[in-house]
Amino acid sequence: MQVHELVARCAAAARGNDSMDAVREVMEDLRGDLGALDRALEFIPGVGGNARQVFYRSPDLTMLKVCFPCGRRTPPHDHGTWAVILVLSGQEKNTLYRRAEEGLRTASEVILERGAILPMRADTAHVAECVGDEPALGLHVYGGDILELPRRMWDPETLDEHVYEPSVYEAFAQAASMAQRAPQV
Ligand SMILES: [Fe+2]
């Protein structure tokens, strides 16, 4: 498989009515030959910020190879659209939140390993963290232009809601990574 074939499959799936479910089905199929997916994405370092990780970007679909270094934890955030994650290596713990009338409520926690798939609807917020002793690498697919969509993020210490802004997000991520665990509410 070449990267353009991977993009074409996800782009075709995302054109349908339930685009998240259709992309999840593509991911389930890809799981049958993860080695081929590894090779197709080998050229992407997976580090250096979103701009270097994105290998396809359009108004209705973004695809990235994402790397969470050991100990890295995000603040709670949403994506402004649906997302589907397929973990390629390492262990990625996800804490999922639903939007409540006031702020967030913890909904569930899951630890994802190679081959695990996590779909998230647009109203889901989450914290992702690398919990193993190697970086967590994953294929992330979003139902919009993730670099431009309006998004929300939450201060990991106060859980105050903010408009997503990259430099503030990074400060929140550093504070989140210092904490014992993802916020429980
Ligand atoms: Fe995320």
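Everything numeric here is computed off the predicted structure, so don't read it as measured data. Values reported hereafter were calculated over all heavy atoms of this structure, with side chains retained and with hydrogens, waters and symmetry mates removed. Start at 1 with the first residue, then count along the sequence. In listed order, ligands and their atoms are each counted from 1.
- For the pair Glu161 and Arg151, the salt-bridge criterion is not met [side-chain N within less than 4.0 Å of a carboxylate O].
- Within the protein, the N, O or S atoms sitting under 2.8 Å from the Fe ion (ligand 1) are His77 NE2, His79 NE2, His126 NE2.
- Considering all non-hydrogen atoms of both residues, Cys67 and Pro135 come closest at SG-CB, 3.7 Å.
- Ile44 and Met27 fall within a single hydrophobic cluster, where Ile, Leu, Val, Met, Phe, Trp and Tyr are joined by side-chain heavy atoms under 4.5 Å apart, directly or via other members.
- A search for ring pair (Phe, Tyr, Trp, His ring centres under 6.0 Å) contacts involving His162 returns Phe172, not counting sequence neighbours.
- Screening residues 122-132 for side chain to side chain donor-acceptor pair (under 3.5 Å) gives Arg73-Glu129, His77-His126, His79-His126, Asn94-His126 as the qualifying pairs, with residues at least two apart or on separate chains.
- Legend: residues meeting side-chain contact (heavy atoms from CB on, under 4.5 Å) with Glu148, ordered by chain and number and at least two apart, are Arg57, Asp145.
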